[in-house]
2 protein chains.
Amino acid sequence: MALESGVARGNLGKHFKVARKGHIVSLAKPRPDQVIIVCEGWAFEYLPLTKGRQQILAFLSAGDMLFPGDILGQQGESSARALTDVQFGIFSMAAIKDRIVREPQLAMVISELLGERLREANQLLTAVAQKSAEERVAWFLLHFTSRLRKWSADESERYLFPFLQQHIADTVGLTAVHVSRTMATFRARGWLRLDTGFLEILNRRELEQICQFTSSR
Amino acid sequence: MALESGVARGNLGKHFKVARKGHIVSLAKPRPDQVIIVCEGWAFEYLPLTKGRQQILAFLSAGDMLFPGDILGQQGESSARALTDVQFGIFSMAAIKDRIVREPQLAMVISELLGERLREANQLLTAVAQKSAEERVAWFLLHFTSRLRKWSADESERYLFPFLQQHIADTVGLTAVHVSRTMATFRARGWLRLDTGFLEILNRRELEQICQFTSSR
DNA sequence: CGCCTACTTGAACCAAGTCAACAGCAGTGG
DNA sequence: CCACTGCTGTTGACTTGGTTCAAGTAGGCG
């Protein structure tokens with residue numbers, strides 16, 4: 001978003017593309033000299049592992065940049081996939097580098113963005129390394145929904161929920177089976193409801209209580 | 001290092017300090033408007049948790065910047081502690097921002113540094129979320145030693161080892177007891193030796209085999 | 001209708017945690 | 001010099017949270 005407004009003024013070789021639900025947005029390698037930004041829909045960035053497994057690193061929605069760690073640096077090992085149908089914009093990395101020289105503010109914006117992602121990665125790491133299954137799943141749900149709340153106008157606790165339980169599992173380091181069990185107990189306690197692609201948080205307080213660490217905003 | 005040389009030319013309000021082994025280098029908050037770079041010794045960055053627990057996020061040695069995620073952005077929740085006696089340099093953040101405007105290259109250097117850290121955080125996350133205890137401990141040892149190898153001239157497999165098993169545990173999300181057990185089996189298999197602060201890798205091949213994922217460089 | 005994929009639930013199993021006792025060692029002070 | 005203390009690591013016995021395997025249900029879509 002900040003980046004969007006920061007670069008919209010100049011010609012940065014921008015154009016648009018669409019990725020259908022479930023399809024790959026960008027493979028780890030070879031990766032073209034581009035910067036990709038999600039305009040609409042959900043995608044996720046992941047590290048492919050052996051035997052079809054994957055570690056999900058981040059979920060991206062409108063305004064988020066893919067592979068921020070790779071911009072201006074070495075290329076990583078991560079790929080990205082469309083969670084819903086996704087529209088995204090593509091900028092030329094060379095053009096951005098060019099632009100930075102003339103307009104250093106842009107570089108600072110990018111650095112802030114990277115810092116934000118680093119902090120989020122560390123939060124997730126902490127949850128996975130130190131917390132129980134219930135805490136991790138609760139963390140996932142809260143993290144995801146609080147992100148949406150930042151943008152939405154109303155205070156409703158009903159969210160479009162585009163994730164499979166397998167996605168949650170691949171993010172927080174559990175099996176899909178155990179995620180299912182865990183969410184079942186949350187439902188049984190009356191903390192949330194889940195119907196046809198919508199998640200409703202019925203007791204945010206309790207969920208927050210469960211995963212209280214470092215007063216996470 | 002890259003940053004070091006990049007900023008050494010101008011006056012960035014630099015001065016030096018020392019932190020004694022085990023002492024805190026910088027608390028999460030309030031954190032002064034500074035950029036800290038390790039010049040000598042080892043420190044680690046961590047997220048303090050409840051009940052005296054902590055998640056270690058990264059180990060820093062000569063040339064590494066503390067809290068890269070916070071520079072030019074929001075302040076995070078992480079603190080830092082000296083693992084050995086540590087000498088570090090302090091720059092004024094305001095001076096660096098100032099400098100960036102005149103010399104955008106500096107911002108790119110910082111972004112690369114941030115990208116590097118983000119990629120490392122993701123590697124650690126993947127290890128913790130997806131790997132067994134043996135794999136995680138092996139990953140830790142290899143990750144740590146390969147870092148040293150990059151800088152040292154000789155090919156020796158003997159390293160000064162400043163970590164407690166508790167540090168390893170706090171990094172990879174295990175208990176110290178289990179780290180002890182795991183390293184005991186590595187020793188029993190003749191893969192490594194450990195005497196008075198020195199670690200010797202006797203069979204790097206086997207250790208690498210154990211934690212082969214994403215061809216991690 | 002029938003197939004496929006996502007989710008649910010049960011039972012058995014196992015990797016890692018917990019609790020506890022003990023050894024080795026460094027530092028400290030009498 | 002030795003006794004005392006505290007910290008780090010080791011090892012054993014037991015417990016447990018989460019995985020694995022497997023069978024069954026429910027929706028979505030050709």
Side-chain angles (χ1 to χ4, degrees), chain A residues 20-23 49 51-56 81 83-85 127-141 160-189 192-199 210-211, chain B residues 20-23 49-56 81 83-85 127-141 161-189 192-199 210-211:
Chain A
R20 288 238 158 265
K21 175 175 176 173
H23 287 210
L49 304 174
K51 293 198 304 171
R53 292 170 58 176
Q54 58 183 4
Q55 172 64 40
I56 293 181
R81 191 176 288 271
L83 193 60
T84 64
D85 286 356
V128 170
Q130 311 273 353
K131 303 293 175 175
S132 72
E134 287 201 1
E135 293 169 299
R136 290 187 232 176
V137 173
W139 180 89
F140 180 96
L141 299 174
L160 218 166
F161 195 74
F163 312 106
L164 300 182
Q165 295 187 346
Q166 185 65 58
H167 291 132
I168 305 180
D170 289 343
T171 306
V172 300
L174 296 169
T175 55
V177 172
H178 203 67
V179 169
S180 169
R181 279 189 231 279
T182 306
M183 292 188 70
T185 77
F186 287 170
R187 261 182 284 129
R189 289 178 200 158
L192 52 81
R193 193 158 28 181
L194 202 48
D195 62 310
T196 49
F198 281 86
L199 167 74
I210 271 200
C211 57
Chain B
R20 287 239 159 264
K21 174 173 176 174
H23 287 211
L49 303 174
T50 53
K51 293 199 303 173
R53 291 170 59 177
Q54 58 182 3
Q55 172 64 40
I56 294 180
R81 190 176 288 272
L83 193 60
T84 64
D85 286 356
V128 170
Q130 310 275 351
K131 303 293 175 175
S132 73
E134 287 201 1
E135 292 169 300
R136 292 188 233 174
V137 173
W139 180 89
F140 180 97
L141 298 174
F161 194 74
F163 312 107
L164 301 183
Q165 294 187 347
Q166 185 65 57
H167 291 131
I168 305 180
D170 289 342
T171 307
V172 301
L174 296 170
T175 56
V177 172
H178 203 68
V179 170
S180 170
R181 278 188 232 280
T182 306
M183 292 187 70
T185 75
F186 287 171
R187 260 182 284 128
R189 289 178 201 157
L192 51 82
R193 193 157 30 181
L194 201 48
D195 62 309
T196 49
F198 281 84
L199 167 73
I210 270 200
C211 57

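For clarity, every value in this text was computed on a predicted model and none was experimentally measured. Atoms considered below: every heavy atom in the structure, side chains included; atoms not considered: hydrogens, waters and symmetry mates. Note on naming: letters A, B, ... go to the chains in the order of the sequence lines (proteins, then strands), and numbering restarts at 1 for each one.
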Next item on the list: Would you jot down, in residue-number order, the residues of residues 166-173 of chain A having a non-hydrogen atom under 4.0 Å from DNA chain C?
Entry: none
What is the distance from atom [atom1] of [X] to atom [atom2] of [Y], rounded to the nearest 0.5 Å?
X        : Y        : atom1 : atom2 : value
B:Gln165 : B:Arg181 : CD    : CZ    : 11.5 Å
B:Gln166 : B:Thr175 : CD    : OG1   : 8.5 Å
A:Phe163 : A:Ile56  : CZ    : CD1   : 8.5 Å
B:Ser180 : B:Leu174 : OG    : CG    : 12.0 Å

Check: Among all residues two or more places apart in sequence or in another chain, which pass the side-chain contact (heavy atoms from CB on, under 4.5 Å) test with A:Thr182?
Finding: A:Ala133, A:Glu134, A:Val137, A:His178, A:Phe186
Checklist line | Test side-chain contact (heavy atoms from CB on, under 4.5 Å) applied to B:Gln130 - qualifying residues, sequence neighbours left out | finding: A:Leu49, A:Arg53, A:Gln55, B:Thr126
Note to self: Can you see if the side chain of A:Thr175 gets near the phosphate of D:dT19 - specifically, an N or O under 4.0 Å from OP1 or OP2?
What the structure shows: yes
Note to self: Can you tell me if B:Ser132 touches the phosphate of C:dA15, counting only side-chain N or O atoms and a distance under 4.0 Å to OP1 or OP2?
What the structure shows: no
Checklist line | Closest to the A:Val177 side chain, choosing from D:dT10, C:dT9, D:dT11 | finding: C:dT9
Next item on the list: When you get a sec, tell me which of C:dC7, D:dG18, D:dG9 is the closest nucleotide to the side chain of A:Leu174?
Entry: D:dG18
Listed pairs, N/O of protein and of nucleotides 12-14 of chain C, under 3.5 Å:
none

Margin query: Salt bridge check, B:Arg20 against B:Asp85: does any charged N sit closer than 4.0 Å to a carboxylate O?
Written below: yes
Give every pair of a protein N or O atom and an N or O atom of nucleotides 25-28 of chain D that lie under 3.5 Å apart, one pair per line with the distance.
none

Note to self: Is any side-chain heavy atom of A:Leu141 closer than 4.5 Å to one of A:Phe161?
What the structure shows: yes
Check: For the helix from C:dC1-D:dG30 to C:dG30-D:dC1, what angle lies between the axis at the first five pairs and the axis at the last five pairs, to 10 degrees?
Finding: 30°
Margin query: Among residues at least two apart in sequence or on other chains, which ones pass side chain to side chain donor-acceptor pair (under 3.5 Å) with A:Arg187?
Written below: none
Checklist line | With B:Glu135 via side chain to side chain donor-acceptor pair (under 3.5 Å) - residues at least two apart | finding: B:Ser132
Whole-Å distance separating the [atom1] atom of [X] from the [atom2] atom of [N]:
X        : N      : atom1 : atom2 : value
B:Gln165 : C:dC25 : CD    : C1'   : 15 Å
B:His178 : C:dT18 : NE2   : P     : 12 Å
B:Met183 : D:dT11 : CE    : P     : 13 Å
B:Leu192 : D:dG9  : CG    : P     : 14 Å
B:Phe161 : D:dG9  : CZ    : C1'   : 13 Å
B:Lys21  : C:dA26 : NZ    : C1'   : 11 Å

Looking at every heavy atom in both [X] and [Y], which two are closest together, and how far apart are they?
X        : Y        : result
A:Val128 : A:Val172 : CG2-O, 3.6 Å
A:Ile210 : A:Ala138 : CG2-CB, 4.1 Å
B:Leu83  : B:Pro162 : CG-O, 3.8 Å

Checklist line | A:His167: ring-ring contact (aromatic ring centres under 6.0 Å, His included) partners, not counting sequence neighbours | finding: A:Phe44
Next item on the list: Under 4.0 Å between any heavy atoms, over every strand shown, what does B:Arg187 touch: base, sugar-phosphate, or nothing? Just pick one.
Entry: sugar-phosphate
